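Computation of the quantities below employed the complete heavy-atom set of this structure, encompassing side-chain atoms and omitting hydrogens, waters and symmetry-equivalent molecules. Source: prediction; values computed, not measured. Labels below follow one simple rule: chain letters A, B, ... track the order of the sequence lines, proteins then strands, and each chain is numbered from 1.
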Number of protein chains: 2
Amino acid sequence: MTEQTAAPRVPTTARDRARAEVMSELLAAARARLESEGSAALSLRAVARDLGMASSAVYRYVPSRDALLTLLIIETYDAVGEVAETVARTSDAGPAQTWLEVARAVRRWALDQPYSFELIYGTPVRGYRAPDDTVRPAVRMWGVIIGLLMDADRDGVLDPAGPDFDPAGRMAPEAFATAGYTDPATVPDDVARIAIRSATLFTSLVGAISVELFGHLHRVAEDRSRFFDVTIATAAAGVGLRITLD
Amino acid sequence: MTEQTAAPRVPTTARDRARAEVMSELLAAARARLESEGSAALSLRAVARDLGMASSAVYRYVPSRDALLTLLIIETYDAVGEVAETVARTSDAGPAQTWLEVARAVRRWALDQPYSFELIYGTPVRGYRAPDDTVRPAVRMWGVIIGLLMDADRDGVLDPAGPDFDPAGRMAPEAFATAGYTDPATVPDDVARIAIRSATLFTSLVGAISVELFGHLHRVAEDRSRFFDVTIATAAAGVGLRITLD
DNA sequence: TCACAAGAGAGAGCACCGCTCTCGTTTCGC
DNA sequence: GCGAAACGAGAGCGGTGCTCTCTCTTGTGA
């Protein structure tokens with residue numbers, strides 16, 4: 001058991017390569033059906049037909065329909081996390097304005113592939129219990145938000161007039177791992193006070209998109225893009241980020 | 001065609017009464033299954049079994065599974081609207097604090113019957129297009145929110161330091177029917193400026209409950225009840241309502 | 001090199017679903 | 001009282017997730 005921990009002797013046999021290829025075709029076909037018809041209509045049999053194989057054969061690759069959905073969920077968290085991180089990284093505006101850009105980008109992404117947004121931020125699939133594999137990709141969005149708040153605080157543009165609530169017991173210690181605090185006990189109080197504000201930003205983002213996508217602005221909002229901006233900017237104001245519109 | 005518009009001669013025949021009774025049993029059974037297993041698992045055949053009748057017989061009362069869901073959706077909008085209206089009506093606190101009470105009550109209601117919340121504020125049922133019957137009950141929540149904002153403005157407790165965005169084109173004229181303005185052209189500008197703030201309150205409420213109920217606070221929030229309060233209060237601060245916590 | 005085990009695919013089958021059609025039976029209105 | 005409408009039951013269609021068995025291919029260790 002000395003060097004056994006390394007990869008066991010170039011295991012890419014023909015069968016392995018074939019398996020990997022079928023697996024990726026399977027995921028691609030599933031993604032295509034997901035994005036055209038939604039997760040509720042995602043049928044394992046239909047995916048099998050798309051691939052020209054028997055439905056029973058699919059079970060050689062995926063243990064159940066729910067497991068297939070889980071793979072898509074992880075992919076999707078990573079996709080939207082990537083969108084948010086890219087905008088946050090490349091924007092040259094201040095933290096407040098950058099947050100608006102991030103929110104707009106996520107909204108755009110959600111409108112382009114609504115069923116993917118639903119998959120992760122809508123009603124959870126019945127009987128589905130998120131395995132730990134989904135936690136890491138899911139937390140990327142929180143990382144972006146907390147990062148922006150830290151930046152704003154450092155730059156002195158985090159409006160101190162915003163409400164300041166005691167963070168004690170309101171945020172789980174693990175949440176600060178994103179900000180680099182591996183030991184929960186060492187999180188400074190001011191960092192906690194800032195981090196808890198991320199909840200309102202996250203909620204306003206997911207909430208605003210959900211509300212629009214799920215039809216609750218029917219006969220309420222006219223120009224939905226501008227409506228979204230106002231919603232995000234107003235919530236951000238409560239957090240202490242001053243966003244300028246128009 | 002003079003007095004024909006009235007009810008046609010006391011139509012409560014034995015058959016009519018039986019039909020109404022079966023119909024209400026049907027809805028009750030469907031509601032029970034909905035609240036115990038969720039809308040995705042709501043099967044018309046199962047409901048039929050609960051009632052001891054053949055599945056085909058159910059179609060004498062309801063044209064399709066989606067139509068049955070629509071009936072439940074309307075009931076549910078009315079139930080949650082009732083919760084919000086009751087709290088708003090009976091609270092003797094100021095508008096800001098009343099809003100917190102409303103939000104807490106709605107959250108409590110959602111936690112008590114999560115599948116009902118999902119039914120109306122989660123992912124829409126596939127292939128489902130909200131008929132107009134659902135609009136009136138759905139709009140009750142907006143009515144409560146706009147009413148509270150009007151109260152706050154009248155009482156002079158609507159913080160003028162909150163961001164003020166041009167409402168032009170951002171709110172559909174019909175939305176003001178709730179506030180008593182039947183003709184959209186007559187809505188004063190200051191009313192529109194206030195009404196558009198309702199979006200952030202609505203979004204923060206639905207968003208905060210969704211985020212909690214759908215599992216996105218896993219390893220983020222510790223005390224979820226207090227976390228909810230902070231989220232709502234922070235968003236409300238952006239709107240201009242000062243909520244006091246603790 | 002060759003045998004054996006593991007992997008892969010196909011097909012039948014089970015229990016469930018939404019929905020339709022047909023068939024008797026009951027009830028209502030003229 | 002009689003014809004029509006409403007009602008309930010049952011069979012059946014095509015679809016679903018998933019399991020089991022069977023055959024064939026492929027990789028590996030002796």
Side-chain angles (χ1 to χ4, degrees), chain A residues 4 7-27 29-30 33-34 36-73 124-129, chain B residues 4 7-27 29-30 33-34 36-73 124-129:
Chain A
Q4 251 346 49
R9 215 159 29 111
V10 200
T12 40
T13 70
R15 181 173 272 176
D16 283 341
R17 275 183 285 113
R19 184 179 177 83
E21 191 171 338
V22 172
M23 190 68 192
S24 87
E25 284 174 13
L26 185 64
L27 282 178
R33 288 209 95 95
L34 166 73
S36 67
E37 300 171 72
S39 65
L42 199 164
S43 139
L44 227 145
R45 292 177 106 116
V47 172
R49 277 194 299 272
D50 291 346
L51 295 182
M53 64 198 299
S55 66
S56 56
V58 175
Y59 286 86
R60 298 282 184 199
Y61 296 86
V62 149
S64 70
R65 179 181 174 275
D66 276 6
L68 176 57
L69 277 179
T70 301
L71 294 178
L72 293 177
I73 286 172
V125 176
R126 162 166 171 75
Y128 173 82
R129 201 92 204 102
Chain B
Q4 252 345 51
R9 213 159 31 110
V10 199
T12 41
T13 70
R15 179 174 274 173
D16 282 341
R17 274 184 286 112
R19 182 177 179 85
E21 190 170 340
V22 172
M23 190 68 191
S24 89
E25 284 175 12
L26 184 65
L27 282 178
R33 288 209 96 93
L34 166 73
S36 67
E37 300 171 70
S39 65
L42 198 165
S43 136
L44 229 147
R45 291 176 106 116
V47 173
R49 277 194 300 273
D50 291 346
L51 296 181
M53 65 198 298
S55 65
S56 57
V58 174
Y59 286 86
R60 299 282 184 200
Y61 296 86
V62 150
S64 73
R65 178 181 175 276
D66 276 6
L68 176 58
L69 276 179
T70 300
L71 294 177
L72 293 177
I73 286 172
V125 176
R126 164 169 168 74
Y128 173 81
R129 202 91 204 103

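Whole-Å rounding puts the L69(A) CG to dT16(D) C1' distance at 14 Å. Taking atom CD of E25(B) as the reference point, atom P of dG8(D) lies 11 Å away to the nearest angstrom. The distance from atom CG of D16(A) to atom C1' of dA8(C) is 13 Å, rounded to the nearest whole Å. For the pair M53(A) CE and dC18(D) C1', the computed distance is 15 Å after rounding to whole Å. The CG atom of D50(B) sits 14 Å away from the P atom of dC16(C) (whole-angstrom rounding). Remark: P of dG15(D) and CG of L44(B) are 20 Å apart, rounded to the nearest angstrom. Here the C1' atom of nucleotide dG17(D) and the CZ atom of R65(A) are 9 Å apart, to the nearest Å. As a whole-Å value, the separation of L26(B) CG from dC7(D) P is 13 Å.
Taking all atoms of both residues into account, the shortest heavy-atom contact from R19(A) to R60(A) is NH2-O, 2.9 Å. Closest heavy-atom contact between A30(B) and L42(B): O-CD1, 3.8 Å. Between S55(B) and R45(B), the closest heavy-atom pair is CB-CG, 3.8 Å.
Listed candidates were dA10(C), dG27(D), dC18(D). Nearest to the side chain of T13(A) is dG27(D).
S43(B) has a side-chain polar atom (N or O) that falls below the 4.0 Å cut-off from OP1 or OP2 of dG18(C). Contact check, Y61(A) against dG9(C): a side-chain N or O comes under 4.0 Å of OP1 or OP2.
Contact annotation for L42(B): backbone-only contact, meaning every heavy-atom pair under 4.0 Å involves sugar-phosphate atoms and none involves a base. When heavy atoms are screened at a 4.0 angstrom cut-off, L51(A) is found touching no nucleic acid atom at all. R60(A) comes within 4.0 angstrom of a nucleotide base, judged by non-hydrogen atoms across all strands.
Where R19(B) and S55(B) meet DNA chain D, the nucleotide closest to each residue was compared, and R19(B) sits on the side nearer the 5' end. Annotation: of the two residues near DNA chain D, S56(A) and R49(A), the 5′-most nearest-nucleotide partner is R49(A).
Contact annotation: the side chain of L26(B) approaches that of V62(B) to within less than 4.5 Å [non-hydrogen atoms, C-beta and beyond].
Atom OG of S43(A) is separated from atom CG of L68(A) by 10.0 Å, given to the nearest 0.5 angstrom.
Donor-acceptor pairing under 3.5 Å, judged by distance alone, is present between the side chain of R45(A) and the base of dG17(D).
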